[in-house]
There are 2 protein chains.
Amino acid sequence: MIHNQPWRDHNHGDCVQEAISRATALCAARNVRLTALRRRVLEILWQSHVPLSAYAILAQLGDGARPAAPPTVYRALDFLLEQGLVHKVEHLNAYMGCPMPEHPHLAAIFLCEHCGCAAEIDAAGLAAEIGAAAAEQDFAIRRQTVEISGACSRCREQRAGTRA
Amino acid sequence: MIHNQPWRDHNHGDCVQEAISRATALCAARNVRLTALRRRVLEILWQSHVPLSAYAILAQLGDGARPAAPPTVYRALDFLLEQGLVHKVEHLNAYMGCPMPEHPHLAAIFLCEHCGCAAEIDAAGLAAEIGAAAAEQDFAIRRQTVEISGACSRCREQRAGTRA
DNA sequence: GCCGCCGATGTAATATTATAACATATCGTT
DNA sequence: AACGATATGTTATAATATTACATCGGCGGC
Ligand SMILES: [Zn+2]
Ligand SMILES: [Zn+2]
Ligand SMILES: [Zn+2]
Ligand SMILES: [Zn+2]
């Protein structure tokens, strides 16, 4: 089940609003603090579906004069990662908002190398397969990453058009 | 199908010998040059089933006096990655030898966070699932990563024994 | 044999990503 | 107000990776 297809037209304002309201509700329910800084980082990540590096976030955090310092953003990211509100994209050393943070889940992330956007799908089937493989060798899973890099349909259509 | 279970006792000399001879044959067949430096890096990676960072490899490459410079090892790694002779472990920013480099494949990598060793399994089933998901959204796959971090059976047995 | 080409390696500098250590501020409670 | 706990600010540094350019070495053409 695809949760968002950033390369298809969609009302991104809805993405942002839903992400922030879910995050707010979730933190309230868990009794953890979604402080102004943490919320700001989450909003910056949700500006688009292109994952951002920690330093790209930092640049936006600066109040104009001087940019913020690295620990500021890494600490916010640590919190958001712990709460499942963002995922780290290992292929890019970048971070993206999670559209379904309520429950821990295996996120399979599709990454377009041309437009840069990232889409997360709920990989329940994959998770089952991985779980079976782990059980077979008596391995206790703590964290899993599935990332697929390539070209999204939109970019491939464009390239085909250009070439013709 | 599990290709190696580094946490079970095994004759590691066989791993090394087979890896090197496969690499040699493969490069000969492809008419690419497995130079002394590249072979050396591959041997260093096969010293154990614990993935090594680029700088850990560098430290071993130095001829005692001064260590080698980063581009030396990154270029060798680029070659080995291109030829499928090694995989990058994104969770660790580290590199490991591939036990089955003949054909491109989706490697699912199990990583023990306690002993550090890594096992690659041929994830044909996973690959099929990912391929189906990609087809559904018309996404062209170029590269995929599957990593599972946790605790291997051996380490869990040890911990259980210690606790008792 | 010599020249010139090309791929591989050496070297220096720098960019990017991430963490450690310690000081200060803010929140919620008593 | 006083306090402890959590969050943030600040400085420095570690770890990972790349760029740019110089040099070396084999190999084919002459
Ligand atoms: Zn959107
Ligand atoms: Zn795209
Ligand atoms: Zn072995
Ligand atoms: Zn282990």
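Throughout, a chain's letter reflects where its sequence line sits, starting with A, and its residues are numbered from 1.
Taking only side-chain nitrogens and oxygens, B:Y55 never comes nearer than 4.0 Å to OP1 or OP2 of D:dA15. Within the structure, a side-chain polar atom (N or O) of B:Y95 is placed less than 4.0 Å from OP1 or OP2 of D:dA17. In terms of phosphate contacts, B:K88 brings a side-chain nitrogen or oxygen within less than 4.0 Å of OP1 or OP2 of D:dA17. An OP1 or OP2 oxygen of C:dT9 is reached within less than 4.0 angstrom by no side-chain nitrogen or oxygen of B:T72. In this structure, B:N93 reaches the D:dA17 phosphate: one of its side-chain N or O atoms is under 4.0 Å from OP1 or OP2. Residue A:T35 places at least one side-chain N or O under 4.0 Å from the OP1 or OP2 atom of D:dT8.
The 5' end of DNA chain D is approached more closely, in terms of each residue's nearest nucleotide, by A:F79 than by the other of B:A54 and A:F79. Along DNA chain C, the nucleotide nearest to B:L37 and the one nearest to A:P71 differ in position, and the one closer to the 5' end is contacted by B:L37. Residues B:L92 and B:R33 both approach DNA chain D. Their nearest nucleotides, taken by heavy-atom distance, put B:L92 toward the 5′ side.
Rounded to a whole Å, the CG atom of A:L58 is 11 Å from the P atom of C:dT17. Per the geometry, CG belonging to B:L77 stands 15 Å off P belonging to C:dA8, to the nearest Å. Between the CG atom of A:D78 and the C1' atom of D:dT8 there is a distance of 14 Å, given to the nearest Å. Look at CG on B:L81: it is 11 Å from P on D:dT18, rounded to the nearest Å. The CD atom of B:E90 sits 13 Å away from the C1' atom of D:dA17 (whole-angstrom rounding). Here C:dT9 presents its P atom at 11 Å from CG of B:L61, a figure rounded to the nearest Å. For the pair A:N31 CG and D:dT6 P, the interatomic distance rounds to 12 Å; values are reported in whole Å.
Between the side chains of A:H91 and B:T145, at least one donor-acceptor pair of N or O atoms lies under 3.5 Å. The closest side-chain donor-acceptor pair between A:E120 and A:H105 falls under 3.5 angstrom.
Using a 4.0 Å heavy-atom criterion, one finds that A:R75 contacts the bases of the nucleic acid, with or without backbone contacts as well.
Heavy atoms of other residues, nucleotides or ligands lying less than 6.0 angstrom from CD of B:Q17 number 12 at most.
Tested against B:Y95 for a side chain to side chain contact (heavy atoms under 4.5 Å, CB included), the candidates B:L81, B:V89, B:L80, B:L52 yield a single pass: B:L81.
Relative to the side chain of B:Y74, the nucleotides D:dA17, D:dA7, D:dT11 differ in distance, and D:dA17 lies closest.
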Go through A:Q83 and A:R30 one step at a time and tell me if the side-chain contact (heavy atoms from CB on, under 4.5 Å) criterion holds.
-> CA-CA 9 Å; A:Q83 298 301 321; A:R30 290 177 183 165; 2.9 Å; yes
